[in-house]
Amino acid sequence: MSEHLTVIYNDTCPICAREVNAYRDRTDPQAVRYHGVSQGQLAQFDLTEDEAARRFHVIRAGERLEGVDAFAALWARIPRLRWLGWMVMRPGIHGLAMLVYNRILAPLLYGVHRRRVRRLQKRVSKLG
């Protein structure tokens, strides 16, 4: 695996940031780069801030992967999680994992993110 990965994640989400920081601690910084939505410049990845906040993304060899496929690509770079990356890509399991991620996990985390953003906007508007 000579090409590097670029992980694009919602670093403003405490849950997402905590998980990705655990991955960051287990990956080689030369092989995996991390880009949080708060860093801006998402156009270089052909993503808007909202798209990047909705789902987990990885760029591998110029190809953008989303959701389960993105996690599998990252897990493949982490020795203790390599088995999980392999497992979620198996036929049947992949479909089930995508269903759970797309219908439950991603919308749930995005909803929590949107509520947090609205609360922050209300606080800022009260101050201003």
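Taking each heavy atom of G85 and A72 in turn, the nearest pair found is O-CB, 3.8 Å. When all heavy atoms of G36 and Q39 are compared, the pair lying nearest together is N-OE1, 2.5 Å. Between A106 and R55, the shortest heavy-atom distance links the atoms CB-NH1, 4.4 Å. H113 approaches A53 most closely through the heavy-atom pair NE2-CB, 3.8 Å.
Taking 4.5 Å as the limit, every side-chain heavy atom of V124 sits out of range of all side-chain heavy atoms of Q121. Between R82 and W86, every side-chain heavy-atom pair lies at or beyond the 4.5 Å cut-off. In this structure the side chain of R115 reaches within 4.5 angstrom of the side chain of R118, judged on heavy atoms. In this structure the side chain of F71 never reaches within 4.5 angstrom of the side chain of D69, judged on heavy atoms. When side chains are defined from C-beta on, Y23 does not count as touching V32, because their heavy atoms never get closer than 4.5 Å. When side chains are defined from C-beta on, L65 counts as touching R60, because their heavy atoms get closer than 4.5 Å. Between I59 and L5, every side-chain heavy-atom pair lies at or beyond the 4.5 Å cut-off. Between V37 and L42, some side-chain heavy-atom pair lies under the 4.5 Å cut-off.
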After noting the C-alpha distance and the side-chain angles of V68 and F56, does the key distance pass the side chain to side chain contact (heavy atoms under 4.5 Å, CB included) rule?
CA-CA 8 Å; V68 171; F56 185 73; over 6 Å; no
Run the numbers on V88 and M98 for side chain to side chain contact (heavy atoms under 4.5 Å, CB included), then give the verdict.
CA-CA 9 Å; V88 299; M98 285 182 50; over 6 Å; no
Test side chain to side chain contact (heavy atoms under 4.5 Å, CB included) applied to F45 and H35, step by step
CA-CA 10 Å; F45 306 114; H35 190 94; 3.7 Å; yes
Please step through side chain to side chain donor-acceptor pair (under 3.5 Å) for the pair R24 and Y9, ending with a clear verdict.
CA-CA 12 Å; R24 186 190 316 255; Y9 69 104; 2.7 Å; yes
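At a threshold of 4.5 Å between side-chain heavy atoms, the hydrophobic network of Ile, Leu, Val, Met, Phe, Trp and Tyr places V100 and L84 in one connected group. Transitive grouping of hydrophobic side chains (ILVMFWY, heavy atoms separated by less than 4.5 Å) keeps Y110 and L105 in distinct clusters. The hydrophobic clustering, which links ILVMFWY residues whose side-chain heavy atoms are closer than 4.5 Å, places W83 and I78 together.
No more than 12 heavy atoms of other residues, nucleotides or ligands lie within 6.0 Å of CZ in R33, so this atom counts as exposed by the packing criterion. Around atom CD of E49, no more than 12 heavy atoms belonging to other residues, nucleotides or ligands sit under 6.0 Å away.
A donor-acceptor pair shorter than 3.5 Å can be found between the side chains of T12 and N10. The closest side-chain donor-acceptor pair between T6 and Y34, if any, does not fall under 3.5 angstrom.
Between Q44 atom CD and I8 atom CD1 the span is 7.5 Å, to the nearest 0.5 Å. To the nearest 0.5 angstrom, E66 atom CD is 9.0 Å from N102 atom CG. From R18, atom CZ reaches atom SG of C13 across 8.5 Å, with rounding to the nearest 0.5 Å. Here E51 contributes atom CD and D46 contributes atom CG; the two are 7.5 Å apart, rounded to the nearest 0.5 Å. With rounding to the nearest 0.5 Å, the separation of CG in L74 from CZ in R26 is 11.0 Å. In this structure, the separation between CZ on R54 and OG1 on T48 is 8.5 Å, given to the nearest 0.5 Å.
Residues E3 and R77 are paired through a salt bridge, judged by an N-O separation under 4.0 Å between the basic side chain and the carboxylate.
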